[in-house]
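The chains referred to below are lettered A, B, ... by the order of the sequence lines, with proteins before strands, and numbering in each begins at 1.
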Amino acid sequence: MPEISKSYEPRDVETKWYAAWQEAKCFAGVAAPGQETYTIVIPPPNVTGILHMGPVLNTTLQDALIRRARLEGKAACWIPGTDHAGIATQTMVEKHLKKTEGKGRRDLGREEFLKRVWTWRDEKGDHILKQLRELGCSCDWDRTHFTMDPGYSKAVLASFVKLFAKGHIYRGKRMVNWCPVSLTALSDEEVEMRPTKGHIFRLRYELVEPSATTDADGNVVPLTHLILETTRPETIAADVAVAVHPSDARYTHLVGKSVWRPLGERVQIPVIADEAVDPAFAAGALKVTPAHDKVDFEIGQRHRLPVIDALNADGTMNEFAGPELAGMERFAARKKAAEILQERGNLIEAKPYENNVGHSQRAGVPIEPRLTQQWWLRYPHVEEAKAVVRDGLIQMHPERWSKVYLNWLENIQDWCISRQLWWGHRIPVWYAKGVDREKLTEADLRDPTKIHVSLDGPSDPENWIQEDDVLDTWASSWLWPFATLGWPDADAQAKAGFNQFYPTTTLATGADIIFFWVARMIMAGLEFAKPGAPVEERIPFKHVYFNGIVRDKQGRKMSKTLGNSPDPLDLIVKYGADGLRFGLLQIAPLGQDVKFDEDRIESGKGFCNKLWNACRFRQMSGPMSDNSSLAAILARLDPAHFDDDDHAILAALLDTTRTLEKSFADFEFAGATQRLYSFFWNDFCDWYVEVAKTRVQDPLAKDHALAVQDLVIRQFLLLFEPFAPFITEELWSLLGYAPADKRFLQDTRLETAEALAAAIAARGTPIDPAAAGRVEQLKQVASLARQLKTEQSVPQKRDVKFFVLAHQAEWLALEKNAAKLARLVGAADIGRTTDKLALPAVVTPLGTLFLDTGVKIDSAAERTRLTKELDTVTKHIAGTEARLANEAFTSKAPPAVLEGARRQLADQRAKAAELQRLLSALV
RNA sequence: GGACCCUUAGCUCAGUUGGUUAGAGCGUUUCCUUGACAUGGAAGAGGUCACUGGUUCGAGUCCAGUAGGGUCCA
C-alpha cells in the first residue's frame, strides 16, 4: 500500500487518472439491453472558443449528473461537441485575414475563404474540449460532434428539405434586422435592445397649401407647417408621407393634402391618416419612411406607398439619400442632415434623447431595419411545444422559466433562417438559370422547374444556381439532441444507440438561450425525432436545468470583452480541478446567478486537503484490512463494540446519503455540497475521528473502530465522486476500495441510503436513532468544558483536572466516555464530586463541571460570569413560559412542538436552579 | 408598459412543505505548532433577516404594498 503524502497535490493525480479513464474507455456511453439510460448533450461551445467560468459551472454540473448516474448503475452518455458559430467564427477569421494578409473575404472568394476557415478550425478549434478534460469532464469523446461535420451537415440540410416539403419554409421580402457590419440578416433573438443616447430633432415640414387650425383657446390660427420629431433625419429623403392619427382633430382636414419633403429631391408627399400614429407623441405627426422602420413599412403597405431605400448594405447612404448625403456613413449623415435642415430653417431644435435601439448582439452596432429577400420558417409544433412543458413532460428547473418559455411561444414570430454569410450550411435550394430570385412568388417556390430543393442538388447542375445564403447557426444546433445520435441516417442511429439514448435525460444550460436554443430544440425534436411515436418519446429531453450566470464581484456578467473572467486553467493549477468544481458548486444554488468569489474555490481546495489528510490519518492509524467490498467491511464490524458514536456517525452518513438523493432529484447542488462538507468535516473529522482515537488505541476495539471509519470513508468517496472525481479516485485506489476486477471507483455501485441501512442492520446492529442525541449531549459537555478553560485563561494543552457533580445516570453516561472526553478537552482526569467545590463551574446537560485551575478562585469574577449566564437562561425561561401560558399556543401547536417547548423549559429551569445554587455557594 | 428574480453577519452566500436561541466560507479577536491536516484545531465577537402592513398560537419563510438592485420581453 503506497503511503499517502502529507498534503494533496492535485496536478499529478489529475493527469494520471484522466489518462487512465480514457485508456479504459470509462466514459463510453454503452447501454446493455433494458438498462436504464441517462443522456446529456453538452451545449456545444463555439468551436473557436476557450473555457470561461460560465461553461466551467455548466459542465461541472453536467459531469456531476452524469457521474452520479454512472454510480447508480445507469448507462450514462454525455455527448460533447462544438458549434460552428456562423457569424462569430466568420468574423474572427475575417479579422485575422485583414490583419495578416490585408484581404477581405471577397478578395479570396467563397471557396478559398471557406478553406481558410477550415484551416483555422483545424488549428485552433476544439481547444475548449481539451480544456474540459482538465476539468475532469467525463464526456464520451468518441462521440464528439461538430455542427459542420458531414453527418451533421446532412442532418441540417435534411431538416430544411423536410420542412420545405411540408410548406413550413418560404422565401419572402420583408423587413429584417440587418447588421451593417456583418452584412447579414439577423433573427429577432440576435438583436439586443440597448438604451442609446442621441438626439431627437423637432422639424417643420412645409404645407404645400397653407391652412389653419384652432389652438387650445379655440382661436383660429394660421397653419403653414406640420411639426414632427424624428431621431433619424438622414432618412428624410426616403420619406414618402407624413401620417397623423385619424381622430386627431388638429389635422383631419389636412389628410389628403401634401407637404414638401425637406431633404432630397424637392417633392410633395401626402399627409395620410393611420391608427399607428401616437397623437400624444411630439406634435402628433409622423414621418413615414417605409424602407427604414418596421412600423413605417407597415403603414406604407396599408397605404400602398412606394419604398425608397436610402441606405447601402454597409450602412452608408446611397444616392436616394440626396446628393448632400450620398456616400456618407449613416451617423455622419445624420449630423450633416441636421445641419442642412438647420440652414433651410426646417430644424426647430435638437434635444438630447435616449431611446432603445436594436443592436447586433455580435457586432455591437445598431442594426438597420432593411427590406430584403430572406428564407423564413413557420415553426412546427408550436402548440405541442407548449403542451409538453405545461403538462410536465419536460420539467424546467427552476420551474419559473417555463413561464418565460410559454410566453415566448405565445408571441412567436416566423424565424428568419437565412444569413448572408459563407461559413455555415449553404441552403439546399437551387434556382433555375434565368429565374429572377428577387421576384419569386409563393407559387414559384413550389414550381420544380424554377426551384429545386434537395439534399444532393439537381441532376443537371449546369442549369441551376445554388442559393448563396447559409442557415442561421441555430437552425443547425436546434437538431443537436438527435443529430448527435445519428439522425437522420438509420445505420448511424443504430450505431449511436439512438433508441436507447433518445430522449435525452437532462439539458443543462443558461437561461439566456431559452429562445435561441431550448425552445427550438423542443420543436425540432417534436418534428423530427421518432416521427409517429408518442409525444414522450419525441421530446428532446425530460429536464432542463438552468444554471445561473457567473458574475464578477461587481455583479457584472463575465465576458471576454470585459476581461473579468479568471482563466479557469489558472484556477485549476492553483486549487486543483476538484477544488474548483466543488468550490463553484457550493455557491451555485438552483438557478440563481453566482457572484464569483475566489475564496470559495480556495475553500474547495481546503476541503480536498482535509479529505486527503483524514484518509492519510486512517492509513496511519492501523493496517488497511479488506476494504474491497461493502460486505468485506461490514464483516469487520463487531456488533459487541458498537457504541453511541458509531451509531451517530452512521446515522449521519445515512442521512447524508439521503440528502444527496434528494439533492440530485431536485438539482440542488449547493445543498448537496454543503451537506457533504459539514458531514465530513464536522461530523466525521471534528468529532468521530477525534473520539475514535481512544478506541483505536484499544487493541480490542481497534479493528472495529477502523472498520467503521473505512465504511464511512468508502460511502463518502462514492457520494463525493461526482463533484471531485480525481481525489476520490486516488483515495479509492490508495485505501484499497477497488477490488481486483473493478479498478475504478465508477465500477462500484453507490448504495442507496435504504440499502446501506439494511446492510448494516443485517450485521446485527441496526442504527440506534437515539444515539445521536446522547452524542449531542457529550458534544455540549466538551464544548462547555473548553469554554470554561478559555474563560479561565487555561491554555488548551494544559492537562487540567475536572470534577463533575452529577446524578448517577448522568455520571454513568459521562464515565463511559470519560477517556474520550478527557482527550477532547485536554484534561488529565475527570473525576466525580458529591459536593459543590470552590472552583469555576459550568452547568452542562450531564451535570455541573468544575475546573481545577490550581489557583485560588476569583469569587467576584466567578459571580459575574455565573450571573450573566443566569440572566440569559432566565430570559429564555420567561419566553418559553409565556408561550406555554398562551392557551392559543397549547391548543393549536402540534404535539411535537409543544413537547419540545416543555422539555426546553424543564431543562432551562434545572439549569437556572443549578446556577443559583452555585452562586449562593460562592463565598 | 408587461413578466420574473434579488435584498439575511464586514464580504460572498445557504436557510426545501411556517415551529426551540437564524447557519457556512472568507475576514476578524484570543489561545494552541499536543504524531492526520497551520490548506489545521479550540473559544469568541459580529445579524431590528430592506421597509410597512396583513394572515397565524407562531413569519427570514406565506400574502399585499413600498424602496433599492438586476434580468427578460415589448
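I200(A) places a side-chain heavy atom less than 4.5 Å from the side chain of T231(A).
Using atom P as the reference point in both rG70(B) and rG10(B), the two lie 22 Å apart (nearest Å). Taking atom C1' in both rU55(B) and rU61(B), the straight-line distance is 14 Å, to the nearest Å. One P atom belongs to rA24(B), the other to rG46(B), and the distance between them is 15 Å to the nearest Å. A gap of 32 Å separates the C1' atoms of rG69(B) and rG19(B), to the nearest Å. rC72(B) sits 31 Å from rA59(B) when the C1' atoms are compared, rounded to a whole Å. Spacing of C1' atoms, rU29(B) relative to rU71(B), comes out at 41 Å, to the nearest Å. Straight-line distance between the P atoms of rA50(B) and rC13(B): roughly 15 Å, to the nearest whole Å. Spacing of C1' atoms, rC49(B) relative to rA22(B), comes out at 8 Å, to the nearest Å.
Among the heavy atoms of the strands lying under 4.0 Å from Q904(A) is at least one base atom, whether or not backbone atoms are also near. Among the heavy atoms of the strands lying under 4.0 Å from K6(A) are primed sugar atoms or P, OP1, OP2 only; no base atom is included. Using a 4.0 Å heavy-atom cutoff across all strands shown, K693(A) reaches at least one base atom of the nucleic acid. In this structure, S603(A) reaches the sugar-phosphate backbone alone: every heavy-atom distance under 4.0 Å involves primed, P, OP1 or OP2 atoms, never a base. Q908(A) comes within 4.0 angstrom of a nucleotide base, judged by non-hydrogen atoms across all strands.
Distances were taken from every side-chain heavy atom of N609(A) (C-beta onward) to each of rG19(B), rA36(B), rC37(B); the shortest belongs to rC37(B). The R400(A) side chain lies nearest to rC4(B) when the options are rA36(B), rC4(B), rU20(B). Looking at the side chain of R786(A), the nearest of the listed nucleotides rU21(B), rA36(B), rA42(B) is rA42(B). Looking at the side chain of K403(A), the nearest of the listed nucleotides rG44(B), rA3(B), rU12(B) is rA3(B). Nearest to the side-chain atoms of V897(A) among the listed nucleotides rC5(B), rG19(B), rA36(B) stands rG19(B). Candidate nucleotides rA36(B), rA43(B), rU21(B) were compared by shortest atom distance to the side chain of H876(A), and rU21(B) ranks first. In this structure, the nucleotide among rG35(B), rC37(B), rA43(B) sitting nearest to the side chain of T790(A) is rA43(B). Of the candidates rU39(B), rG19(B), rU16(B), rG19(B) carries the atom nearest the A893(A) side chain, counting heavy atoms from C-beta on.
The structure places CG of L849(A) at 11.5 Å from CD of Q787(A), a figure rounded to the nearest 0.5 Å. Here F802(A) contributes atom CZ and I830(A) contributes atom CD1; the two are 7.0 Å apart, rounded to the nearest 0.5 Å. Rounded to the nearest 0.5 angstrom, C608(A) SG and F720(A) CZ are separated by 5.0 Å. Separating the CD1 atom in I4(A) from the CG atom in L734(A) is a distance of 5.0 Å, to the nearest 0.5 Å. Summarising the geometry, atom CG belonging to N58(A) is positioned 9.5 Å from atom OH belonging to Y545(A); distances are rounded to the nearest 0.5 Å. Between the CD1 atom in I513(A) and the CZ atom in R520(A) there is a gap of 11.0 Å [rounded to 0.5 Å].
Taking only side-chain nitrogens and oxygens, Q586(A) never comes nearer than 4.0 Å to OP1 or OP2 of rC13(B). Listed pair K789(A) / rG41(B) fails the phosphate criterion, with no side-chain N or O lying under 4.0 Å from OP1 or OP2. For the pair S783(A) and rA43(B), the criterion of a side-chain N or O lying under 4.0 Å from OP1 or OP2 is met.
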Test K574(A) against D570(A) for salt bridge (Lys or Arg N to Asp or Glu O under 4.0 Å), laying out the working first. CA-CA 6 Å; K574(A) 218 163 147 190; D570(A) 291 346; over 6 Å; no

Is there a ring-ring contact (aromatic ring centres under 6.0 Å, His included) between F723(A) and F716(A)? Walk through the geometry before answering. CA-CA 11 Å; F723(A) 303 100; F716(A) 182 81; 9.8 Å; no

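You'll find a donor-acceptor pair under 3.5 Å spanning the side chain of E690(A) and the base of rA36(B), going by distance alone. Contact annotation: side chain of E899(A) to base of rU20(B), donor-acceptor pair absent below 3.5 Å. The base of rC37(B) sits within donor-acceptor range of the side chain of K610(A), with an N or O pair under 3.5 Å.
Stem regions for RNA chain B, each three or more consecutive Watson-Crick or G-U pairs with both distances under 3.5 Å and listed by first number, read B:1-7 with B:67-73, B:10-13 with B:23-26, B:28-32 with B:40-44, B:50-54 with B:62-66.
Contacts classified as salt bridge (charged side-chain N to carboxylate O under 4.0 Å, His left out) and involving residues 600-616 of chain A (residues at least two apart or in different chains) are not found. Sorted by first then second residue, the side-chain hydrogen bond (donor to acceptor under 3.5 Å, both in side chains) pairs that include residues 683-693 of chain A, not counting sequence neighbours, are D645(A)-W687(A), D646(A)-Y688(A), N682(A)-D686(A), Y688(A)-R695(A), E690(A)-K693(A).
Residue Y8(A) contributes atom OH, which lies 17 Å from atom C1' of rA36(B) at whole-angstrom precision. One can place CG of N407(A) at 10 Å from P of rC4(B), the figure rounded to the nearest angstrom. Rounded to whole Å, atom C1' of rA36(B) lies 11 Å from atom CD1 of I713(A). Distance F680(A) CZ to rA36(B) P: 14 Å, rounded to the nearest Å. Between the C1' atom of rA36(B) and the CH2 atom of W681(A) lies a distance of 12 Å, rounded to the nearest Å. Atom-to-atom, CZ of R616(A) to P of rU39(B) comes out at 14 Å; the value is rounded to the nearest Å. One can place CZ of F582(A) at 11 Å from C1' of rG25(B), the figure rounded to the nearest angstrom. As rounded to whole Å, 11 Å separates atom P of rC6(B) from atom CH2 of W401(A).
Residues of residues 508-521 of chain A that place a heavy atom closer than 4.0 Å to RNA chain B, in numerical order, are F515(A).
Residues satisfying the salt bridge (charged side-chain N to carboxylate O under 4.0 Å, His left out) criterion with D829(A), sequence neighbours excluded, are K801(A).
Nearer the 5' end of RNA chain B, as judged by each residue's closest nucleotide, is the contact made by R600(A), out of D686(A) and R600(A). With the nearest nucleotide of RNA chain B identified for both C615(A) and Y677(A), Y677(A) has the one nearer the 5' end.
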Cut-off 3.5 Å, no hydrogens considered: what does the side-chain donor-acceptor table look like for residues 903-911 of chain A, sequence neighbours left out?
{"from": "R909(A)", "atom 1": "NE", "to": "E881(A)", "atom 2": "OE2", "distance (Å)": "3.4"}
{"from": "R909(A)", "atom 1": "NH2", "to": "E881(A)", "atom 2": "OE2", "distance (Å)": "2.6"}
{"from": "K911(A)", "atom 1": "NZ", "to": "E869(A)", "atom 2": "OE2", "distance (Å)": "3.0"}

